[in-house]
Amino acid sequence: MDLRESGERQISWAARSMPVLTAIGERFALERPLAGLKIAACLHVTAETAVLMGALQAGGAEIALAASNPLSTQDDVAEALRGYGIGVHARAGVDRAAYYRHIHRALDVGPDLVLDDGCDLVNILHTERVDLLERVGGGCEETTTGIIRLRQMAAEGALRFPVVAVNDTRTKRMFDNRYGTGQSTLDGIMRATNTLLAGRTVVVAGFGYCGRGVAERAKGFGARVIVTEIDAVKALDATLQGYEVQPMAQAALLGDLFVTVTGNRDVIRAEHLSVMKDGAILANAGHFDVEIDVRALDELAGEVQRGVRPNTDQYVMPDGRRLLLLAEGRLVNLTAAEGHPAAVMDMSFSAQALAVEWLAAERAGLAPGVYDVPEEIDHEVARLKLAAAGIGIDRLTGEQEDYLHSWRVGS
């Protein structure tokens with residue numbers, strides 16, 4: 001009961017900063033657009049996710065939830081959700097075998113729709129639980145890494161149902177990826193290490209929306225920021241924004257703090273670890289724990305000192321250098337901190353809820369593939385967020401509408 005009451009307080013606190021999703025949940029409770037549908041979800045089990053689950057449940061859905069990362073699971077929130085009648089299969093800190101076992105249990109509900117964060121649930125559906133595929137009418141994917149995997153499945157003709165790329169909405173990329181990841185990543189790093197960023201050299205691997213957010217926040221704290229990239233356009237963008245751009249082999253010699261935000265594997269490898277300075281800090285803000293080659297770090301180290309601080313392991317090299325790995329190379333913002341602020345997740349999860357409603361209505365007419373969120377949903381989320389903040393914007397006049405839709409009017 002103590003856990004449940006704590007979780008209820010956490011959910012209530014998050015909901016205060018999520019007025020858009022709360023309003024959607026209230027409408028869902030009246031209209032019941034998800035009545036009779038079963039949803040299997042694989043998401044971070046946090047207070048913000050709980051508000052989304054509540055909105056979907058209010059819409060009439062039966063929900064089974066597994067964790068997309070065992071280190072981000074908030075056990076008190078999980079217990080509170082169970083008290084609300086939602087099937088939660090998650091516990092903080094479980095091993096890899098239990099992680100996948102929990103996803104299988106969520107799928108046991110026999111879903112009509114699925115929600116995923118990283119594509120693990122969808123992958124299991126297509127490889128180990130193919131008996132359930134015929135019933136699944138569609139899904140939503142929350143993160144960049146998952147969209148990369150889904151688009152590859154679609155390109156190979158392997159994807160068996162339509163999936164909405166919630167991650168690719170403008171509200172998600174701009175606010176969740178940029179402002180949410182930027183703030184929460186540095187929050188996790190500072191909680192784990194209590195390091196001073198001012199005057200330190202921070203190497204940000206990847207200059208997508210997430211990497212841009214991390215670089216901006218680090219620069220705001222007074223750090224010297226070096227960006228590494230494989231995309232020439234993004235590297236040029238970083239350069240024109242005033243950041244130094246270098247290959248990782250060069251940046252590895254200079255960095256005090258390294259943050260990987262690419263969605264790819266082995267971004268920091270043995271050859272980089274071998275030249276890093278004493279005391280260098282390694283953190284990952286990409287979805288999976290593959291961006292930093294932790295196996296190479298284990299092999300290089302002469303000694304590993306676990307838990308020198310919460311969520312901080314120290315790897316002592318044979319030459320005496322010490323490298324600090326945060327959160328076992330997993331998502332530092334959700335392991336060492338609390339993830340994105342609820343006000344940011346309000347927009348991401350509102351888009352998710354409206355995309356689920358759209359899928360429920362349209363899934364029968366959609367072919368397998370990856371779909372963008374309908375533009376009107378993105379605009380509706382932004383409109384509702386502005387309204388909740390008491391912010392007004394201009395509207396086009398009739399003459400302006402005509403001007404934009406006519407080629408006959410010149411200058």
For this session: Scan side-chain atoms only and decide if Thr195 and Arg200 contain a donor-acceptor pair under the 3.5 Å cut-off.
Result: yes
Exercise. Is there a donor-acceptor contact under 3.5 Å linking the side chains of Gln352 and Glu142?
Worked result: yes
For this session: Could you tell me whether the side chain of Leu282 reaches within less than 4.5 Å of the side chain of Met276, counting heavy atoms only?
Result: yes
Exercise. Quick one: which of Thr143, Thr144, Asp120, Val122 gives a side chain to side chain contact (heavy atoms under 4.5 Å, CB included) with Arg149?
Worked result: Asp120
For this session: Find out whether Val202 and Asp256 are in side-chain contact, i.e. whether some heavy atom of one side chain is under 4.5 Å from a heavy atom of the other.
Result: no
For this session: Would you mind checking if Arg4 and Asp76 are paired as a salt bridge, meaning a charged N to carboxylate O distance below 4.0 Å?
Result: no
Exercise. Does one side chain, of Glu8 or Gln10, offer a donor that lies under 3.5 Å from an acceptor on the other?
Worked result: no
Exercise. Do the side chains of Met317 and Arg322 get nearer than 4.5 Å, heavy atoms only?
Worked result: no
Exercise. Of all heavy-atom pairs between Leu37 and Ala360, which one has the smallest distance, and what is that distance?
Worked result: CD1-CB, 3.6 Å
For this session: Mind jotting down which residue pairs meet the side chain to side chain donor-acceptor pair (under 3.5 Å) criterion with at least one end in residues 356-373? Sequence neighbours excluded, please.
Result: Arg27-Glu357
For this session: Output yes when Arg191 and Asp187 qualify as a salt bridge under the 4.0 Å nitrogen-oxygen rule, no when they do not.
Result: yes
Exercise. Asn284 side chain to Gly329 main-chain N or O, any donor-acceptor pair under 3.5 Å?
Worked result: yes
Seminar exercise, completed: Applied to residues 202-212, the salt bridge (Lys or Arg N to Asp or Glu O under 4.0 Å) test, sequence neighbours excluded, yields Arg212-Asp237
Exercise. Side chains of Pro70 and Arg91: closer than 4.5 Å at any heavy-atom pair?
Worked result: no
Exercise. If you count the non-hydrogen atoms of other residues, nucleotides and ligands that lie under 6.0 Å from CZ in Arg321, is the total more than 12?
Worked result: yes
Exercise. So, Asp289 and Arg265, do they make that salt bridge, N to O below 4.0 Å?
Worked result: no
Problem set entry | Where His340 and Ser184 come nearest, the two heavy atoms and their spacing | ND1-OG, 3.1 Å
For this session: Would you check if the side chain of Thr127 reaches a backbone N or O of Asn123 as a donor-acceptor pair within less than 3.5 Å?
Result: yes
For this session: Please indicate whether Leu396 has more than 12 foreign heavy atoms, meaning atoms of other residues, nucleotides or ligands, lying under 6.0 Å from its CG.
Result: yes
For this session: Indicate yes or no: at least one non-hydrogen side-chain atom of Leu115 is less than 4.5 angstrom from one of Leu56.
Result: yes
For this session: Verify side chain to side chain contact (heavy atoms under 4.5 Å, CB included) between Asn69 and Arg330, making sure each step is shown before the conclusion.
Result: CA-CA 8 Å; Asn69 186 322; Arg330 297 179 184 270; 4.0 Å; yes
Exercise. Would the number of heavy atoms belonging to other residues, nucleotides or ligands and lying under 6.0 Å from CZ of Arg32 be above 12?
Worked result: yes
Problem set entry | Any side-chain donor near an acceptor of the partner, Thr46 and Glu338, under 3.5 Å | no
Seminar exercise, completed: ring-ring contact (aromatic ring centres under 6.0 Å, His included) pairs touching residues 221-277, sequence neighbours excluded, are Phe207-Tyr243
Exercise. Hey, does Tyr315 have a side-chain heavy atom less than 4.5 Å from the side chain of Leu300?
Worked result: no
Exercise. SG/Cys42 to CD1/Ile124 distance, rounded to the nearest 0.5 angstrom?
Worked result: 7.5 Å
Problem set entry | Donor-acceptor pair, side chain of Arg217 and main chain of Leu186, under 3.5 angstrom | no
For this session: Would you mind reporting whether Leu197 and Met190 have side-chain heavy atoms less than 4.5 Å apart?
Result: yes
Exercise. Does a side chain donor of either Thr335 or Asn311 reach within less than 3.5 Å of an acceptor in the other side chain?
Worked result: no
For this session: List the steps, then state whether ring pair (Phe, Tyr, Trp, His ring centres under 6.0 Å) holds for Tyr99 with His89.
Result: CA-CA 9 Å; Tyr99 166 75; His89 309 283; over 10 Å; no
Problem set entry | pair Val316-Val304: side-chain heavy atoms closer than 4.5 Å | no
Exercise. Is atom CD of Glu303 surrounded by more than 12 heavy atoms (other residues, nucleotides or ligands) closer than 6.0 Å?
Worked result: yes
For this session: For Arg135, look at atom CZ and say whether over 12 heavy atoms of other residues, nucleotides or ligands are found less than 6.0 Å away.
Result: yes
Exercise. Regarding Thr171 and Asp378, is there a side-chain donor-to-acceptor distance under 3.5 Å anywhere?
Worked result: yes
For this session: For salt bridge (charged side-chain N to carboxylate O under 4.0 Å, His left out), just list the numbers for Arg224 and Glu244, CA-CA rounded to whole Å, side-chain angles, deciding distance to a tenth of an Å, and then say yes or no.
Result: CA-CA 9 Å; Arg224 169 197 180 192; Glu244 298 176 57; 2.7 Å; yes
Problem set entry | Donor-acceptor side-chain pairing of Gln74 and His44 below 3.5 angstrom | no
